[in-house]
J.: 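My questions all concern the structure below.
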Amino acid sequence: MRQGRLLLAIIATCIFASFSGGSGAAEPLTDSQIRERIIAQDIAAYSGNCPCPYNRTSNGSRCGGRSAWSRPGGASPRCYVDDVSDQDVRRYRARFGN
């Protein structure tokens, strides 16, 4: 569980760093990069340790069918590129620019 939280903290830090100012004009993000960021944000925002089937439980086994993504109802984090719609990408661009 500690490793999962550490990974989430690293992901969140990377996302924050990518929004922090740098010198010069930033290159526009591709739709793929935005989809990856949306997935990372959803995973980081999930309070448990099994948001996606490919995540690991505290004992190291894969979450698989026990993941929030696999269960109907309740939390539904986006875990795969196909889970992020074109509309999600447009909303992201409208909210964060780029």
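On a predicted model such as this, the values are computed, not experimentally measured, just so you know. Count residues from 1 along the sequence.
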J.: Compare every heavy atom of W69 with every heavy atom of C52, then report the nearest pair and how far apart it is.
T.: CA-CB, 4.3 Å
J.: Can a donor-acceptor pair be found, under 3.5 Å and without considering hydrogens, that links the side chain of Y46 to the backbone of S76?
T.: no
J.: Please round to the nearest 0.5 Å and tell me the distance separating atom CZ of R56 and atom SG of C63.
T.: 9.0 Å
J.: Any carboxylate oxygen within less than 4.0 angstrom of a Lys/Arg side-chain nitrogen, looking at R93 and D88?
T.: no
J.: Between atom CZ of F96 and atom CD1 of I34, what is the distance when rounded to the nearest 0.5 Å?
T.: 10.0 Å
J.: Taking it one step at a time, do Q41 and Y92 satisfy side chain to side chain contact (heavy atoms under 4.5 Å, CB included)?
T.: CA-CA 11 Å; Q41 288 171 351; Y92 184 96; 3.9 Å; yes
J.: R66 and C50: which non-hydrogen atoms are nearest, and at how many Å?
T.: O-CB, 4.3 Å
J.: Going from CD1 on I39 to OH on Y80, what distance comes out if it is rounded to the nearest 0.5 angstrom?
T.: 9.5 Å
J.: Give me the atom names and distance for the closest heavy-atom approach of P51 to P77.
T.: O-CG, 3.3 Å
J.: Show the nearest heavy-atom pair for residues N49 and S58, with the distance to one decimal.
T.: ND2-N, 3.6 Å
J.: Please report the interatomic distance OG1(T57) to CZ(R62), rounded to the nearest 0.5 Å.
T.: 11.0 Å
J.: With salt bridge (charged side-chain N to carboxylate O under 4.0 Å, His left out) as the criterion, how do R35 and D86 come out once you've worked through the C-alpha distance, each side chain's angles and the decisive distance to 0.1 Å?
T.: CA-CA 9 Å; R35 282 182 165 83; D86 291 340; 2.5 Å; yes
J.: How long is the straight-line distance from CD of E36 back to CZ of R78, given to the nearest 0.5 Å?
T.: 14.0 Å
J.: OG/S85 to CZ/R91 distance, rounded to the nearest 0.5 angstrom?
T.: 6.0 Å
